[in-house]
Number of protein chains: 2
Amino acid sequence: MSTLANCAAVLRLFSAERRQLSVTEAAALLGIPKSSASRLLKAMREEGLLRNVAGTPRYEIGNLLFEVARLHRSSSDLIELADRELRELTRQTGHTGYVSILDRADVLVIRMHRGTHPLQVVTPLGARAPAFATANGRAVLARLTDAEVRALHRGGLRPPSPAAPQDMEALLEALATVRRVGHCTAIDEAIPGVGSIAVSVADPERHETLGFCLSFPAAAVPGRERRRIRALLVGAARRIAARVDDPFWRGIAPQLPDAA
Amino acid sequence: MSTLANCAAVLRLFSAERRQLSVTEAAALLGIPKSSASRLLKAMREEGLLRNVAGTPRYEIGNLLFEVARLHRSSSDLIELADRELRELTRQTGHTGYVSILDRADVLVIRMHRGTHPLQVVTPLGARAPAFATANGRAVLARLTDAEVRALHRGGLRPPSPAAPQDMEALLEALATVRRVGHCTAIDEAIPGVGSIAVSVADPERHETLGFCLSFPAAAVPGRERRRIRALLVGAARRIAARVDDPFWRGIAPQLPDAA
DNA sequence: GAATTCGGTTGCGCCATATGGAACATGAGT
DNA sequence: ACTCATGTTCCATATGGCGCAACCGAATTC
């Protein structure tokens with residue numbers, strides 16, 4: 001296992017639920033000896049990738065990462081277009097909206113607009129989830145060929161819930177539907193009780209694809225409201241697609257209002 | 001040179017002015033052969049630390065860093081207290097305010113409040129600068145002993161301008177003044193034409209120190225306005241210090257209005 | 001169209017880095 | 001004083017990473 005692979009593995013141990021890490025925890029979670037973990041964490045601290053929690057031997061994310069992450073290109077014309085449309089959709093519906101990009105087999109939240117609805121779903125920026133089990137994820141996976149989708153999931157799927165696609169065939173079938181109708185709905189998949197409806201857009205010139213969605217408590221949003229959300233998202237996607245000359249949306253027939 | 005040191009060196013090549021990097025550029029900037037640079041960047045991409053700019057062989061900051069940087073503890077009770085006071089100072093004066101922390105011999109901006117003044121200085125979040133040549137930096141360095149300050153600058157100072165401290169003795173003298181009066185002014189130091197006035201606060205229980213400042217175009221802010229800014233900052237620092245039981249401020253006599 | 005230049009990649013031998021077991025150090029709890 | 005958990009260091013060993021040389025493909029120049 002290379003040093004960089006170890007380093008990345010350490011960074012991936014951190015999460016919203018685990019903002020600190022001890023040497024012993026790192027050794028256990030990575031399955032390596034404590035001496036290896038101790039040296040690795042110490043070396044990462046020396047380079048600014050980690051720092052010690054003040055007054056303790058525990059480790060947390062270092063300043064270098066805070067600094068260079070600002071330079072991550074989480075802004076582009078496409079992202080700004082999606083962000084602007086999403087902000088307006090959030091205003092109109094009250095539901096929280098997210099812009100996500102594909103990262104290997106996951107989607108990563110890069111923009112978020114809080115809704116105004118009293119009951120809402122909140123996923124933080126930087127959060128990742130298996131793409132196949134989210135609306136945004138499937139919206140973006142639909143932009144790939146079946147072969148590319150299979151290649152991303154060589155290790156197979158691990159469905160987080162019965163509502164998510166249970167195997168590759170089910171996933172590919174779901175993606176075929178997304179390609180046909182242009183939007184994607186996920187209910188009770190990555191997060192129980194949560195529904196999302198998503199669309200995707202791509203800038204072919206810059207080889208850039210993203211998904212954006214509105215999320216809501218599944219039980220609180222009836223079918224009529226879901227159709228409204230879907231229509232708003234599709235409308236937004238079409239406007240963006242026209243701007244960036246995204247051929248995907250030209251191939252999607254306008255839906256009749258009751259089409260599921 | 002260790003792999004992690006090389007990795008960090010690559011990450012440090014990125015900046016607001018250099019958001020992309022080619023193999024050849026990396027080799028030249030790091031002084032290593034192109035084969036080494038090629039393999040290093042490729043390995044970092046494979047771990048998510050970097051990614052390729054779509055459609056090119058060039059590299060940019062990877063998604064993993066965007067993701068884990070969210071977990072950087074750039075929020076704490078102390079930071080929130082400083083942030084709140086700073087927001088109010090920004091509102092009252094119109095000048096841009098920054099909260100920074102020390103990172104080795106640099107300061108790193110972790111919070112920023114844009115002013116409303118038509119002419120203003122803007123430094124992005126995550127930006128770093130040599131602590132000894134900034135107001136925030138010296139405010140925080142003043143919390144260290146002279147020995148600790150010397151240890152941070154073993155390689156000597158490289159003053160960015162004639163207005164900055166030119167050597168260690170000048171720096172230590174400037175820090176002695178900060179310890180005596182509690183605030184620090186820097187004019188034309190890190191950035192020509194820019195002035196800043198800063199104070200620091202520390203939470204002794206959590207071993208945490210930060211500086212916060214207001215920045216302004218030096219030529220546009222007369223002495224009377226500077227004294228007002230200073231008084232506001234000192235007042236804010238004293239309120240925070242009272243909250244977190246910071247003994248530093250108890251040792252600083254209240255200043256007469258004309259004290260420099 | 002051929003030659004040259006540039007950016008990036010690969011093969012391969014070598015060695016400096018990284019590893020992990022064992023022993024040790026430190027602090028907390030009893 | 002003893003036990004236990006956490007973290008560190010020593011040391012022998014393994015190998016990941018390095019850098020030279022050669023190569024590849026695309027773009028540029030003549």
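Letters go in sequence order (proteins before strands), and every chain restarts at 1.
Legend: residues meeting side-chain contact (heavy atoms from CB on, under 4.5 Å) with Ile79(B), ordered by chain and number and at least two apart, are Ser76(B), Ile110(B), Arg111(B), Glu208(B), Leu210(B). Contacts of Arg239(A) classified as salt bridge (charged side-chain N to carboxylate O under 4.0 Å, His left out), with partners at least two apart in sequence or in another chain: Glu85(A). Residues meeting the side-chain contact (heavy atoms from CB on, under 4.5 Å) test with Pro204(B), sequence neighbours left out: Pro247(B). Legend: residues meeting salt bridge (charged side-chain N to carboxylate O under 4.0 Å, His left out) with Arg158(A), ordered by chain and number and at least two apart, are absent. In this view, Val23(A) and Ala37(A), Ser38(A), Leu41(A), Tyr59(A) satisfy the side-chain contact (heavy atoms from CB on, under 4.5 Å) rule, not counting sequence neighbours.
Heavy-atom nearest nucleotides on DNA chain D were determined for Leu4(A) and for Thr24(A), and the one closer to the 5' end corresponds to Thr24(A).
Within the structure, salt bridge (charged side-chain N to carboxylate O under 4.0 Å, His left out) pairs that include any residue of residues 139-152 of chain B comprise Arg143(B)-Asp246(B), Asp146(B)-Arg179(B), Arg150(B)-Glu169(B) (at least two apart or interchain). Listed by first and then second residue, the side-chain hydrogen bond (donor to acceptor under 3.5 Å, both in side chains) pairs that reach into residues 97-110 of chain B are Asn63(A)-Asp103(B), Ser100(B)-Asn136(B), Asp103(B)-Arg128(B), Asp106(B)-Arg128(B), sequence neighbours excluded. Residue pairs meeting the salt bridge (charged side-chain N to carboxylate O under 4.0 Å, His left out) criterion with at least one member in residues 45-61 of chain A, sequence neighbours excluded: Glu25(A)-Arg58(A), Arg51(A)-Glu60(A), Glu60(A)-Arg73(B). Sequence neighbours left out, not one pair with a member in residues 29-44 of chain A passes salt bridge (charged side-chain N to carboxylate O under 4.0 Å, His left out).
Within the helix from dG1(C)-dC30(D) to dT30(C)-dA1(D), the inter-axis angle between the opening and closing five-pair segments is 40°, rounded to 10°.
Ser200(B) contributes a side-chain N or O that, together with a main-chain N or O of Ala139(B), makes up a donor-acceptor pair within less than 3.5 Å.
The stretch residues 32-45 of chain A touches DNA chain C through Pro33(A), Ser35(A), Ser36(A), Arg39(A), each having a heavy atom under 4.0 angstrom from the strand.
Here the range on DNA chain C touched by chain A, meaning any atom under 4.0 Å from one of its heavy atoms, is dA18(C) to dA22(C).
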